[in-house]
2 protein chains.
Amino acid sequence: MSIAQLPVMDVTACCAPLTREAIDAVNAEALARSLKAIADPARLRLVSMVAAHEDSEACVCDLTEPLGLSQPTVSHHLKILVDAGILSRDKRGTWAYYRLVPGALDSLANLLITV
Amino acid sequence: MSIAQLPVMDVTACCAPLTREAIDAVNAEALARSLKAIADPARLRLVSMVAAHEDSEACVCDLTEPLGLSQPTVSHHLKILVDAGILSRDKRGTWAYYRLVPGALDSLANLLITV
DNA sequence: CCAATACATCGACGCATGTCAATCTCTATG
DNA sequence: CATAGAGATTGACATGCGTCGATGTATTGG
């Protein structure tokens with residue numbers, strides 16, 4: 001069972017910023033799922049490392065050692081980020097390359113902004 | 001043991017946006033704690049309800065019934081938000097009034113922004 | 001076709017976390 | 001001082017989640 005099934009986009013298209021008007025239970029649930037996807041130190045580092053990597057993409061083998069976690073654990077976190085719509089996966093040959101989904105993080109950020 | 005001991009400000013003063021440069025393990029841990037504080041449907045609704053409430057403040061009694069959770073659970077969530085530096089608590093007489101900490105959510109949002 | 005490599009999936013384990021009922025603390029007010 | 005009301009704290013419980021080792025699945029190279 002994954003933490004976040006709904007892509008970020010499904011959340012960010014739905015509702016006004018948190019503090020503009022009271023969020024309802026259903027949207028709160030969806031937004032919480034998206035936020036949970038990045039509210040983890042390993043996943044924050046993965047997102048950051050992918051973004052900072054050459055050509056803005058990285059394969060699992062680039063990430064496992066610097067992150068200091070086992071390969072299955074890294075794959076697990078990457079899956080959560082892909083399911084949440086934050087990263088995309090592109091398999092080329094033996095390697096799986098991960099990228100940031102453009103706008104995904106920004107959409108999330110916009111829901112938190114109060115001004 | 002609370003989820004987030006470090007106020008948001010301690011995080012947001014420390015580091016560049018996630019995707020600008022690779023975040024280190026210590027800052028990732030701190031940022032994850034702050035994000036975890038709001039990555040929960042009940043706490044998102046609490047933040048939203050406090051912001052939308054009259055005079056931008058609300059006491060526990062205002063929040064318990066509309067949220068549909070028990071009073072201890074609501075107090076528990078509010079404590080996590082206060083510990084994370086997202087809400088402030090002001091006890092006046094018998095009542096405890098909660099407010100948004102100005103800029104706290106925006107600081108978090110800025111760390112997620114990629115542009 | 002076989003071996004090696006990259007990655008995903010599975011199963012298990014332990015800790016973290018959301019929830020509530022019961023209780024405690026503090027304040028206001030008879 | 002006694003009582004009532006608001007809210008915090010405690011203890012218990014079930015579930016969620018991060019982690020790893022073992023295993024499964026493709027794909028490449030010999």
Side-chain angles (χ1 to χ4, degrees), chain A residues 1-5 25 28-29 31-47 49-50 53 57-84 87-99, chain B residues 1-6 25 28-47 49-50 53 57-84 87-99:
Chain A
M1 209 73 59
S2 75
I3 297 175
Q5 285 93 351
E29 199 90 41
L31 177 52
R33 265 195 297 268
S34 293
L35 287 172
K36 271 182 209 286
I38 51 167
D40 176 271
R43 293 196 287 272
L44 286 171
R45 293 183 66 196
L46 283 172
V47 166
M49 290 163 64
V50 166
H53 201 264
E57 68 175 8
C59 61
V60 181
C61 55
D62 294 324
L63 305 168
T64 302
E65 191 231 308
L67 193 56
L69 293 174
S70 71
Q71 174 266 315
T73 301
V74 173
S75 280
H76 167 69
H77 285 307
L78 288 170
K79 177 175 170 45
I80 288 174
L81 289 167
V82 170
D83 287 348
L87 295 185
S88 63
R89 197 183 94 115
D90 176 31
K91 180 148 193 182
R92 298 201 297 273
T94 312
W95 293 272
Y97 293 94
Y98 290 86
R99 289 183 163 278
Chain B
M1 211 72 62
S2 76
I3 298 176
Q5 286 94 352
L6 290 178
E29 198 89 41
L31 177 52
R33 265 196 296 269
S34 293
L35 287 172
K36 271 182 207 288
I38 53 166
D40 176 271
R43 293 196 286 270
L44 285 171
R45 293 183 66 197
L46 283 173
V47 167
M49 288 163 66
V50 166
H53 201 264
E57 69 174 9
C59 60
V60 181
C61 57
D62 294 324
L63 303 168
T64 303
E65 190 231 310
L67 193 57
L69 292 174
S70 71
Q71 174 265 315
T73 301
V74 173
S75 280
H76 168 68
H77 286 306
L78 289 170
K79 176 174 171 47
I80 289 173
L81 290 167
V82 170
D83 287 347
L87 295 185
S88 63
R89 196 183 95 115
D90 176 31
K91 182 147 192 182
R92 298 203 296 272
T94 313
W95 293 273
Y97 293 93
Y98 290 86
R99 292 183 160 278

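The structure presented is a predicted model; accordingly, all values stated were derived computationally and were not measured. Computed from heavy atoms alone, side chains included, the values below leave out hydrogens, waters and symmetry copies. Throughout, a chain's letter reflects where its sequence line sits, starting with A, and its residues are numbered from 1.
Considering only side-chain N and O atoms, B:His77 lies under 4.0 angstrom from the phosphate OP1 or OP2 of C:dT19. Side-chain N/O atoms of A:Tyr98 include none lying less than 4.0 angstrom from OP1 or OP2 on C:dA6. Here A:Arg89 does not reach the OP1 or OP2 of C:dC7: none of its side-chain N or O atoms lies under 4.0 Å away.
For the pair A:Leu78/A:Arg89, no side-chain contact is recorded, criterion being any heavy-atom separation below 4.5 Å from C-beta on. Looking at heavy atoms from C-beta onward, B:Val50 lies in side-chain contact with B:Leu63 at the 4.5 angstrom threshold. Contact of the A:Leu67 side chain with the A:Arg45 side chain is registered, since non-hydrogen atoms from C-beta on lie closer than 4.5 Å. B:Ile80 is not listed as a side-chain neighbour of B:Asp40, based on a closest heavy-atom distance of 4.5 Å or more.
Heavy-atom nearest nucleotides on DNA chain C were determined for B:Gly93 and for B:Ala42, and the one closer to the 5' end corresponds to B:Ala42. When each of A:Thr94 and A:Thr73 is assigned the nucleotide of DNA chain D with its nearest heavy atom, A:Thr73 is the one assigned upstream, toward the 5' end. The nearest heavy atom of DNA chain D to A:Ala39 and to A:Trp95 marks one nucleotide each, and the one closer to the 5' end goes with A:Ala39.
Atom CG in B:Leu67 sits about 16 Å away from atom C1' in D:dG7, given to the nearest Å. Rounding to whole angstrom units, NZ of residue A:Lys91 and C1' of D:dT27 are separated by 7 Å. Whole-Å rounding puts the B:Asp90 CG to D:dG7 P distance at 12 Å. One can place CD of B:Glu65 at 17 Å from C1' of D:dG5, the figure rounded to the nearest angstrom. In this entry the distance linking CG of A:Leu63 with C1' of C:dA8 reads 15 Å, nearest Å. When rounded to the nearest whole Å, the span between CG of B:Leu87 and P of D:dA8 equals 12 Å. Taking atom CZ of residue A:Arg33 and atom C1' of nucleotide D:dC17, one finds them 16 Å apart after rounding to whole Å. Protein atom CG of B:Leu78 is 12 Å distant from nucleotide atom P of C:dT19, rounded to whole Å.
Of the candidates D:dT9, C:dC7, C:dT9, the closest approach to any side-chain atom of B:Lys79 belongs to D:dT9. With C:dC7, D:dG7, C:dG18 as the choices, the nucleotide that has an atom nearest any side-chain atom of B:Asp40 turns out to be C:dG18. Distance from the side chain of B:Leu69 is smallest for C:dT19 among the nucleotides C:dA22, C:dC7, C:dT19.
Below the 3.5 angstrom threshold, one finds no donor paired with an acceptor across the side chain of B:Gln71 and the base of D:dA6.
Residue A:Tyr97 is out of contact with every strand shown, counting any heavy-atom pair closer than 4.0 Å. Residue A:Arg92 is classed as having no contact, given no heavy-atom separation below 4.0 Å to the nucleic acid.
A donor-acceptor pair is defined here as one N or O able to donate and one able to accept, closer than 3.5 Å; no such pair exists between the side chain of A:Arg43 and the backbone of B:Ala32.
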